[in-house]
2 protein chains.
Amino acid sequence: MIDCSSSEDKIKDAAKRVFILKGFSGCTSREIARESGMNVALVNYYFRSKDKLFQIIFQAVLEEFMLSMYSVFSSDASLKDKIRILIEREYDFISKNPEIPGFIINELSRENKESSEVVELLNKISASGVMKQAEAAQQIGEMRKIDIIGISLLVTSNCQYPFIAKSLLQKMHGLSDKDYFEYLETHKKNVTEMILTFLFPNPTVN
Amino acid sequence: MIDCSSSEDKIKDAAKRVFILKGFSGCTSREIARESGMNVALVNYYFRSKDKLFQIIFQAVLEEFMLSMYSVFSSDASLKDKIRILIEREYDFISKNPEIPGFIINELSRENKESSEVVELLNKISASGVMKQAEAAQQIGEMRKIDIIGISLLVTSNCQYPFIAKSLLQKMHGLSDKDYFEYLETHKKNVTEMILTFLFPNPTVN
DNA sequence: GTATGTTTTAAACAAGTGTTTAAATAAAGT
DNA sequence: ACTTTATTTAAACACTTGTTTAAAACATAC
């Protein structure tokens, strides 16, 4: 298997892997260079500094992550289905990229860096009309009265935490990687039922 | 306000603050020395190395954190009350130490360090008889059939995540520290109700 | 007082950090 | 062909890292 991508891309790919795994202050420029099979000087030749390279990676990862969550809102499914799908999507995405939530959260709190992506997501969501959908469902008593913050907190808590705290949970219960990820499939079902019956205690339709 | 504690304690206190805030690889020995008002050499005079100092701090923090969660299990309250109190306790403890869960999780996954405290907690919990309490409640159909991993995942997800992801959530919704922590008080009530009605769908007593 | 053991300091150490330089190589343009 | 531009490299730069050294300051004994 030969990597025939450009040197710039090789560095970018390696940087993404290393940054996500160890964080900005947990790795060195030389480590990224080594991981990409390139020279240290090349990293700075293409990206000017470790910091600049990190910003590029971080913004890309953030956008990828946000987009995977957002796309569900623009569909025309029912509110209940949207949340059901949202949970499903988050679990799937994070299963494939288990370290990304922790990476984003850690680096976002490292320094108070502003990220347009973070703010823009909320605008996109409110523009999708899902808020009005929620208001309507709450009006007729189908849905519990709870704001968007509460809903997203419930979903993200139960979807992201099991992956963020993987190391802790694994050590506590002595589970292998395989066992742990298998268990999370069961947990996903629990979480889905718990959140949906909490948000929609009086199902009128569906 | 004069700090009249010993130099060793001053270093330990500063190290705890700095390590929790920035992580092991996010800070330097000189930063800890400066923060404690001491000399760099003194840090190594008392603790031999940055690594040794970190281990001491980490184990202490881990024990403090685990103990605050565990103590509820040894009471003679009903199972439902134990979980209710557990959520209350976790929220209270983490409100006062918001960075500790993230600190523990991050440092635990940094290297595969074994921590006896993590394993011991489970032994203490099973020794407290709460497992049998759960089995009994599940036998009579009062409690949903779910194992200890699932329960602790539900509780910790909904209690710890809101603090771990504070930076992300705050930026998304544009909340000040005060607003955010206020909101979490409301969220705690939601979480408590959600988890309890999920775990105990058919209340027989209480 | 001197002597002894402990605590504190400034200075130094080697290794590692991000970054830059200047020369070597390759590619493209004429 | 030659010139110009872009890529790659080894080496160096200045600075920070964790750690150690050796001497100073302090305390407590005799």
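Numbered from 1 within each chain, the chains take letters A, B, ... in sequence-line order.
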Spacing between B/Y46 atom OH and C/dT6 atom C1', to the nearest angstrom: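 Whole-Å distance recorded here is 8 Å.
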
Whole-Å gap separating P (C/dT19) and NZ (A/K50):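 Taking atom P of C/dT19 as the reference, NZ of A/K50 is at 8 Å.
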
A/D76 CG: over 12 foreign heavy atoms closer than 6.0 Å: no

Over 12 non-hydrogen atoms of neighbours within 6.0 angstrom of NZ in A/K12: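 For A/K12, atom NZ is not crowded (no more than 12 foreign heavy atoms under 6.0 Å).
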
Donor-acceptor pair present, A/R30 side chain and C/dG18 base, under 3.5 Å: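 Per atom types, the contact qualifies.
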
Qualifying residue, where the test is salt bridge (charged side-chain N to carboxylate O under 4.0 Å, His left out) with A/E35 and the options are A/R30, A/R17, A/K22: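 Only one of A/R30, A/R17, A/K22 forms a salt bridge (charged side-chain N to carboxylate O under 4.0 Å, His left out) with A/E35, namely A/R17.
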
Minimum heavy-atom distance A/D9-A/S5, with the two atoms named: CB-CB, 4.1 Å

Nucleotides bounding contact with chain A, strand DNA chain D, heavy-atom threshold 4.0 Å: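 The protein-touched segment is D/dA6 to D/dA12.
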
For DNA chain C, the residues among residues 31-44 of chain A that have a non-hydrogen atom under 4.0 Å from it: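 Contacting residues: A/V40, A/A41, A/N44.
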
Exercise: do A/D179 and A/Q170 side chains pair donor with acceptor under 3.5 Å: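 Distance-only check fails for A/D179 and A/Q170.
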
Pair A/D81 + A/R84: basic N to acidic O under 4.0 Å: yes

Within residues 27-49 of chain A or reaching into it, pairs that qualify as ring pair (Phe, Tyr, Trp, His ring centres under 6.0 Å) - sequence neighbours excluded: none

A/R110 to A/F54, cation-pi by 6.0 Å centre distance and 45° axis angle: yes

